[in-house]
Amino acid sequence: MKNHYWILAVVFTGLIACQNTSKTALKPLNLLQHGIPITIMAPDSAKVVAGSLSFSQDITVKSEADNFDLQIFAYDATTTDLSSVKASHLAEVKSNAYFSEIIQEEDAGFIYSTVFDSTATNYGFKYLKIQGDKEYIFQTGLVGTFGLDDVKLMYDAVKNEQK
């Protein structure tokens, strides 16, 4: 009878250890203190670095442990027509020599892939928001390679912005 408990304990411990831990828990992250009046979802471990140029704001939200690397640019809006802004970004992405395909497309954004050679596929996204007189561009970080699951997580983190 003792052996049954031992086996049951080993199996139970193994099941707990093998649970899928790749799903990153995201929490609201208010970016107002960094100059952007938006709250996104991000890992607890995310670090925020803000900078600005004369014509834009640049915010990086990064968590190396979760392969979460998000770049946000804020510009003065030149139009309130989100579809034309998205069309411009879509054309820019498609003009890249390594562009492969659009994986997912919605009114305010899209997920795409680039292929450098037959063994290296990278994924990225753009999500756009016009709020007041500002245009916000959310995208994967400028440096690094990302799998599709990582990109979907970041895309959903900005798409499902907290009100």
Side-chain angles (χ1 to χ4, degrees), residues 22-24 26-43 45-163:
S22 66
K23 189 72 175 166
T24 301
L26 302 179
K27 301 206 174 186
L29 175 63
N30 187 327
L31 299 173
L32 185 58
Q33 69 183 7
H34 303 286
I36 295 182
I38 290 176
T39 299
I40 62 168
M41 303 300 289
S45 61
K47 304 288 185 239
V48 179
V49 176
S52 69
L53 302 170
S54 61
F55 57 91
S56 71
Q57 292 173 277
D58 174 11
I59 293 181
T60 302
V61 180
K62 189 171 189 169
S63 171
E64 304 233 358
D66 300 299
N67 205 26
F68 190 97
D69 189 355
L70 177 65
Q71 196 82 34
I72 306 165
F73 296 102
Y75 299 95
D76 289 335
T78 57
T79 182
T80 58
D81 182 8
L82 187 61
S83 63
S84 70
V85 173
K86 184 186 120 192
S88 171
H89 285 277
L90 197 52
E92 176 189 341
V93 166
K94 286 181 174 181
S95 72
N96 181 316
Y98 300 107
F99 171 78
S100 177
E101 68 177 312
I102 297 296
I103 305 295
Q104 177 181 334
E105 185 174 356
E106 299 175 334
D107 290 343
F110 54 92
I111 296 173
Y112 62 93
S113 66
T114 53
V115 177
F116 299 103
D117 63 40
S118 62
T119 62
T121 300
N122 189 37
Y123 296 89
F125 78 91
K126 296 248 184 171
Y127 186 78
L128 311 157
K129 180 177 180 91
I130 298 173
Q131 180 175 302
D133 64 347
K134 294 289 185 186
E135 174 184 320
Y136 300 97
I137 302 165
F138 302 86
Q139 64 182 44
T140 47
L142 299 175
V143 177
T145 56
F146 303 97
L148 185 56
D149 289 341
D150 298 325
V151 169
K152 284 184 175 183
L153 179 75
M154 289 184 277
Y155 184 80
D156 288 342
V158 298
K159 184 173 98 171
N160 297 323
E161 162 196 346
Q162 299 294 298
K163 305 291 180 208

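Keep in mind that what you see is a predicted model, and the values were worked out from it rather than measured.
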Query raised in the report: Does the pair I137 and E135 meet the rule for a side-chain contact (heavy atoms from CB on, under 4.5 Å), with working shown?
Result: CA-CA 7 Å; I137 302 165; E135 174 184 320; 3.7 Å; yes

Query raised in the report: Do I38 and K129 pass the side-chain contact (heavy atoms from CB on, under 4.5 Å) test, and can you show the C-alpha distance, the side-chain angles, and the key distance before you say yes or no?
Result: CA-CA 10 Å; I38 290 176; K129 180 177 180 91; 4.0 Å; yes

Query raised in the report: Given the rule in the side-chain contact (heavy atoms from CB on, under 4.5 Å) test, do F73 and Q139 qualify, once you have shown the distances and angles that lead to the verdict?
Result: CA-CA 9 Å; F73 296 102; Q139 64 182 44; 3.7 Å; yes

Let me have the donor-acceptor pairs involving side chains of residues 90-106, under 3.5 Å, with sequence neighbours excluded, atom names and distances please.
| residue | atom | partner | partner atom | Å |
| --- | --- | --- | --- | --- |
| S95 | OG | E92 | O | 2.7 |
| N96 | OD1 | Y98 | N | 2.7 |
| Q104 | NE2 | E106 | OE2 | 3.1 |
| E105 | OE2 | K86 | NZ | 2.9 |
| E106 | OE1 | Y155 | OH | 2.8 |
| E106 | OE1 | K159 | NZ | 3.3 |
| E106 | OE2 | K159 | NZ | 3.0 |

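Residues S63 and S45 bring a donor and an acceptor atom of their side chains to less than 3.5 Å of each other.
With values rounded to the nearest 0.5 angstrom, Y136 atom OH is found 8.0 Å from F138 atom CZ. Note: K126 NZ to I111 CD1 = 14.0 Å, rounded to the nearest 0.5 Å. Summarising the geometry, atom CD1 belonging to I40 is positioned 4.5 Å from atom CD1 belonging to I72; distances are rounded to the nearest 0.5 Å.
The side-chain heavy atoms of D107 and L82, taken from C-beta on, include no pair separated by under 4.5 Å. Between L128 and I130, the closest side-chain pair of non-hydrogen atoms is not below 4.5 Å. Side-chain contact check for L70 versus F125: some heavy-atom pair is nearer than 4.5 Å. For the pair D58/S52, no side-chain contact is recorded, criterion being any heavy-atom separation below 4.5 Å from C-beta on. When side chains are defined from C-beta on, D69 counts as touching T60, because their heavy atoms get closer than 4.5 Å.
Looking at every heavy atom in both residues, D81 comes nearest to S83 through OD1-OG, 2.7 Å. When all heavy atoms of K134 and D76 are compared, the pair lying nearest together is NZ-OD1, 2.9 Å. What you find for T39 and P28 is that their closest heavy atoms are CG2-CB, 3.9 Å. Contact between G147 and Y123 at its shortest, heavy atoms only, is C-CD1, 3.7 Å.
Checked by atom type and distance alone, the side chain of Q57 never pairs as donor or acceptor with a backbone atom of I36 at under 3.5 Å. Between the N122 side chain and the F146 main chain, a donor and an acceptor come within less than 3.5 Å of each other.
Tested against H34, the residues L31, L32, N30 include a single side chain to side chain contact (heavy atoms under 4.5 Å, CB included) partner, L31.
Applying the side-chain hydrogen bond (donor to acceptor under 3.5 Å, both in side chains) test to pairs two or more places apart or on separate chains, those with a residue in residues 142-153 are N67-D150.
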